[in-house]
J.: 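Okay, handing you the structure first.
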Amino acid sequence: MRPAPTILHLDMDAFYASAEQAAKPSLRGKAVVVGGLGPRGVVATASYEARRLGVHSAMPTAQARRLAPNAAYLVPRFSLYRTVSDQVMELLGRLSPLVEPLSLDEAFVDLEAGGTADDSASARATGEGLRAAIRAVTGLSGSVGLAGSKMLAKIASEEAKPDGLLLIEPGTERELLAPMSVRILPGVGPATGDHLRRAGMTTVHDLAEAGEAELVRLVGKAHGHGLHRMALGLDDRPVVAERDAKSVSVEDTFDVDLHDRVRVRAEVERLAVRCVERLRAADRSGRTVVLKVRRYDFSTLTRSETLRGPTDDPTVVREAAARLLESVDTTGGVRLLGVGVTGLADYTQEDLFAQAADARELAQRDREHHAPAAEEPVPEPEVDSAEQLAARRWPAGHDVHHEEHGHGWVQGSGIGRVTVRFEEPWSAPGRVLTFRIDDPLLRPADPLPLVRESPDYSSWPASLPKSRSSGAAASEGGESSP
């Protein structure tokens with residue numbers, strides 16, 4: 001525990017949904033749900049307007065539609081979210097060399113290591129300055145928690161939501177935590193929370209009073225020891241700038257079970273290419289290829305193959321994934337497929353061409369061994385319907401450009417038509433027009449920036465106060481504890 005609240009935790013508010021509202025003037029102040037839109041889709045993020053109707057992340061989209069039938073349901077635009085995330089992380093990097101990203105919209109920052117804070121006053125000024133900078137550069141809001149440990153900083157940012165700042169003064173941790181639910185602590189999920197509730201422990205105060213021995217008896221030695229420390233507000237974990245990923249993977253859940261073997265193989269190969277794109281974007285390579293298959297009965301199978309050395313060659317990964325598929329029975333139908341690479345490294349196997357050739361040779365032998373007899377008909381691949389093709393080309397919420405009407409976004413598609421609202425992040429709500437899905441004047445487009453002219457923050461945060469004598473900036477919502 002630090003004597004000053006110099007660990008900052010930033011959590012962007014309803015990130016995906018807020019980015020969509022900022023990009024689409026007609027959706028501001030309205031319920032927005034971002035996630036998978038098919039029968040098996042899951043909510044990724046819901047705006048605060050949708051949350052008030054009971055919608056939350058990880059909820060099936062079908063259930064969300066029942067709770068909020070009039071909400072806007074959009075397919076995620078990860079290219080936009082990554083761009084905004086890069087802008088936010090660049091601002092965080094100006095505060096300290098120790099920035100620990102947890103996701104696109106969340107990170108810890110060690111302000112002391114960056115010399116941008118050494119006491120409560122300078123920490124608060126830095127937090128408020130960061131929030132103002134994020135809003136100016138991205139147009140979005142983020143909530144900030146400041147404390148002497150990572151656990152408390154994260155709890156503080158959660159309590160400050162939305163669009164607030166909470167600073168926990170060292171020495172007040174136990175008083176602040178005592179009345180909170182045990183679920184506020186990291187690692188206490190629904191099952192552990194219910195187990196503790198049955199033992200008569202519902203608040204953090206209950207855990208602290210129970211003592212370490214009782215918690216070890218209830219939840220085991222490792223978890224019990226950590227739980228007792230957290231209940232006392234103790235956390236000595238440092239902010240780590242480099243978080244090594246253990247694997248890179250992609251997966252897709254299909255609206256309708258796939259039965260055709262040719263289609264399943266094509267999807268596996270497509271996922272393998274996407275996986276390698278992510279691998280290369282991270283400047284990594286991997287040695288073990290993993291295939292994940294969830295069948296019609298929800299049973300999930302994984303298969304893996306370890307290569308001779310690390311690779312980022314799409315041919316090698318694609319053909320390894322295809323070989324792994326041959327060992328899985330998919331006759332009953334497939335609802336989810338995933339391809340991943342583990343055993344990551346910062347280099348690739350030098351003899352990639354030989355490795356790829358070996359893979360192709362093995363695949364050719366496998367095809368010859370399993371080739372159907374001459375009299376056996378080869379099954380025709382499944383063909384997507386026109387509506388499925390339209391939904392794939394014109395996902396709801398994605399950007400388009402019309403040669404006559406300019407930039408817009410897809411409101412929906414169906415019955416051979418696509419409906420578009422033409423507006424830009426800095427315009428008034430735009431008009432809605434409908435076109436044929438094959439209109440030659442309409443094409444997919446890249447997202448526009450959320451802020452038309454981003455201010456110059458090249459010298460920030462040099463002007464921020466760094467000591468008690470500099471005073472504190474005025475604070476806003478989510479005020480600090482005493």
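Reckoned from all heavy atoms, side chains included, excluding hydrogens, waters and symmetry mates. One-based numbering along the sequence shown.
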J.: From Ser149 OG over to Met230 CE, what is the distance, rounded to the nearest 0.5 angstrom?
T.: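 Here the interatomic distance stands at 11.0 Å.
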
J.: Can you find a pair of side-chain heavy atoms, one from Trp394 and one from Val75, that are under 4.5 Å apart?
T.: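 When only atoms from C-beta onward are counted, Val75 and Trp394 do not touch, as no gap falls below 4.5 Å.
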
J.: Where do Leu92 and Val109 come nearest, in terms of heavy atoms and distance?
T.: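 Shortest heavy-atom contact: CD2-CG2, 3.9 Å.
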
J.: Would you mind reporting whether Arg335 and Phe254 have side-chain heavy atoms less than 4.5 Å apart?
T.: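 With C-beta onward as the side chain, the pair stays apart.
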
J.: Should Asp235 and Lys154 count as an ion pair when the cut-off is N to O under 4.0 Å?
T.: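 Here Asp235 does not pair with Lys154 in a salt bridge, since their nearest N and O are not under 4.0 Å apart.
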
J.: To the nearest 0.5 Å, what is the distance between OG1 (Thr126) and CG (Leu8)?
T.: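 Thr126 OG1 to Leu8 CG: 8.0 Å, rounded to 0.5 Å.
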
J.: To the nearest 0.5 angstrom, please state how far the CG atom of Leu324 sits from the CG atom of Leu301.
T.: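 Those atoms lie 12.0 Å apart.
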
J.: Of all heavy-atom pairs between Val339 and Ala272, which one has the smallest distance, and what is that distance?
T.: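 Scanning both residues, the minimum pair turns out to be CG1-CA, 3.9 Å.
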
J.: Quick one: closest heavy-atom pair of Gly332 and His259, and the distance?
T.: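 Heavy-atom minimum between the residues: O-CE1, 3.2 Å.
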
J.: Just by distance, do the side chain of Thr61 and the backbone of Gly36 share a donor-acceptor pair under 3.5 Å?
T.: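 Present.
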
J.: May I have the step-by-step check of side-chain contact (heavy atoms from CB on, under 4.5 Å) for Val328 and Val334, ending in yes or no?
T.: CA-CA 11 Å; Val328 179; Val334 172; over 6 Å; no

J.: Report yes or no: does Arg287 contribute a side-chain atom to a donor-acceptor pair with the main-chain N or O of Leu307 at less than 3.5 Å?
T.: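 Yes; judged by distance alone, with no hydrogens or angles, the pair exists.
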
J.: With a 4.5 Å heavy-atom cut-off, do Lys150 and His9 have their side chains touching?
T.: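 They are not in contact (no side-chain heavy atoms under 4.5 Å apart), so the answer is no.
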
J.: Nearest 0.5 angstrom please: Ser157 OG to Asp13 CG, how far?
T.: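 Answer rounded to 0.5 Å: 9.5 Å.
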
J.: Charged N to carboxylate O under 4.0 angstrom, Arg263 versus Glu267?
T.: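 Judged by the 4.0 Å cut-off on N to carboxylate O distance, Arg263 and Glu267 do form a salt bridge.
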
J.: Evaluate the side-chain contact (heavy atoms from CB on, under 4.5 Å) criterion for residues Val290 and Ser304: first the C-alpha distance (whole Å), next the side-chain angles of each, then the deciding distance (0.1 Å), finally the verdict.
T.: CA-CA 4 Å; Val290 180; Ser304 64; 4.1 Å; yes

J.: Where do Ala14 and Ala46 come nearest, in terms of heavy atoms and distance?
T.: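 Smallest interatomic distance, heavy atoms only, reads CB-O, 3.7 Å.
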
J.: Should Arg294 and Glu251 count as an ion pair when the cut-off is N to O under 4.0 Å?
T.: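 Answer for the salt bridge query: no.
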
J.: Given side-chain contact (heavy atoms from CB on, under 4.5 Å), test Arg51 with Thr45 step by step and report yes or no.
T.: CA-CA 9 Å; Arg51 294 181 190 190; Thr45 308; 4.0 Å; yes

J.: Give a yes or no on whether a salt bridge exists between Arg131 and Asp163, defined as a side-chain N under 4.0 angstrom from a carboxylate O.
T.: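 Salt bridge present between Arg131 and Asp163.
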
J.: Any donor-acceptor pair under 3.5 Å linking the side chain of Arg303 with the backbone of Leu325?
T.: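 It does not hold such a pair.
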
J.: Are Glu277 and Val273 packed together at the side-chain level, in the sense that at least one heavy-atom pair is separated by less than 4.5 angstrom?
T.: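 Glu277 reaches Val273 side chain to side chain.
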
J.: As an exercise, state the distance from CG of Leu152 to CG of Leu146, rounded to the nearest 0.5 Å.
T.: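 The distance works out to 11.5 Å.
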
J.: Is it true that Arg40 and Asp257 make a salt bridge, defined as a side-chain N closer than 4.0 Å to a carboxylate O?
T.: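 Yes.
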
J.: Give a yes or no on whether the backbone of Gly340 and the side-chain of Ser249 come within a donor-acceptor separation of less than 3.5 Å.
T.: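 Here the side-chain-to-backbone pair does not exist.
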
J.: Parallel, tilted or perpendicular, judged at 30° and 60°: which one describes the rings of Tyr16 and Tyr81?
T.: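 Parallel: the ring planes of Tyr16 and Tyr81 meet at under 30°.
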
J.: Find out whether the Lys NZ or Arg CZ of Arg65 is both under 6.0 angstrom from the six-membered ring centre of Tyr73 and within 45° of the ring's axis.
T.: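 Here Arg65 passes the 6.0 Å and 45° test against Tyr73.
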
J.: Hey, is Arg452 close enough to Glu424 for a salt bridge, meaning N to O under 4.0 Å?
T.: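 Salt bridge flag = no for Glu424 with Arg452.
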
J.: Closest heavy-atom contact between Arg77 and Gly397?
T.: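 Closest approach of Arg77 to Gly397: CD-O, 3.5 Å.
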
J.: Taking atom CG of Leu74 and atom CG of Leu37, what is their separation to the nearest 0.5 Å?
T.: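 Reported value, rounded in 0.5 Å steps: 7.5 Å.
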
J.: Counting N and O atoms only, with roles assigned by atom type, does the side chain of Arg28 sit under 3.5 Å from a partner on the main chain of Ala22, one being a donor and the other an acceptor?
T.: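 Looks like yes, one N/O pair under 3.5 Å.
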
J.: Can you give me the closest heavy-atom contact between Ala64 and Val43, atom names plus distance?
T.: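 Smallest interatomic distance, heavy atoms only, reads CB-CG2, 3.9 Å.
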
J.: Counting N and O atoms only, with roles assigned by atom type, does the side chain of Glu100 sit under 3.5 Å from a partner on the main chain of Val240, one being a donor and the other an acceptor?
T.: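 The answer is yes, because a donor-acceptor pair under 3.5 Å joins these two groups.
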
J.: With a 4.5 Å limit on heavy-atom distance, are the side chains of Pro25 and Trp426 in contact?
T.: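 SC-SC contact between Pro25 and Trp426 ruled out.
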
J.: Does any part of the side chain of Pro190, heavy atoms only, come nearer than 4.5 Å to the side chain of Arg183, both counted from C-beta?
T.: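 They are in side-chain contact.
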
J.: Got a donor-acceptor contact below 3.5 angstrom from the Lys161 side chain to the Met12 backbone?
T.: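 Checked: pair present.
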
J.: For Asp194, look at atom CG and say whether over 12 heavy atoms of other residues, nucleotides or ligands are found less than 6.0 Å away.
T.: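 Check passes, neighbour count above 12.
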
J.: Taking the side chain as every heavy atom from C-beta outward, state whether Leu271 and Lys292 have any pair of such atoms under 4.5 Å apart.
T.: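 Result no, sub-4.5 Å side-chain heavy-atom pair not found.
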
J.: Salt bridge or not between Arg393 and Asp438? Use side-chain N to carboxylate O under 4.0 Å.
T.: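 Salt bridge between Arg393 and Asp438, a charged N being under 4.0 Å from a carboxylate O: no.
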
J.: Kindly indicate, with the supporting measurements, whether the criterion side-chain hydrogen bond (donor to acceptor under 3.5 Å, both in side chains) is fulfilled by Thr306 and Thr288.
T.: CA-CA 4 Å; Thr306 299; Thr288 301; 3.2 Å; yes

J.: Checking the side chain of Thr116 only, and the main-chain atoms of Leu95 only, is there a donor and an acceptor separated by less than 3.5 Å?
T.: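 Yes; at least one donor-acceptor contact below 3.5 Å.
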
J.: Do the side chains of Asp252 and Arg270 get nearer than 4.5 Å, heavy atoms only?
T.: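 With C-beta onward as the side chain, the pair touches.
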
J.: Taking NZ, NE, NH1 and NH2 as the nitrogens, is one of them in Glu326 or Arg265 under 4.0 Å from a carboxylate oxygen of the other?
T.: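 Looking at Arg265 together with Glu326, the answer is yes, because their closest N to O distance falls below 4.0 Å.
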
J.: Between Arg280 and Asp312, does any side-chain N to carboxylate O distance fall below 4.0 Å?
T.: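 Judged by the 4.0 Å cut-off on N to carboxylate O distance, Arg280 and Asp312 do form a salt bridge.
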
J.: Can you check side-chain contact (heavy atoms from CB on, under 4.5 Å) on Leu336 and Val293, steps first, answer last?
T.: CA-CA 6 Å; Leu336 177 147; Val293 180; over 6 Å; no

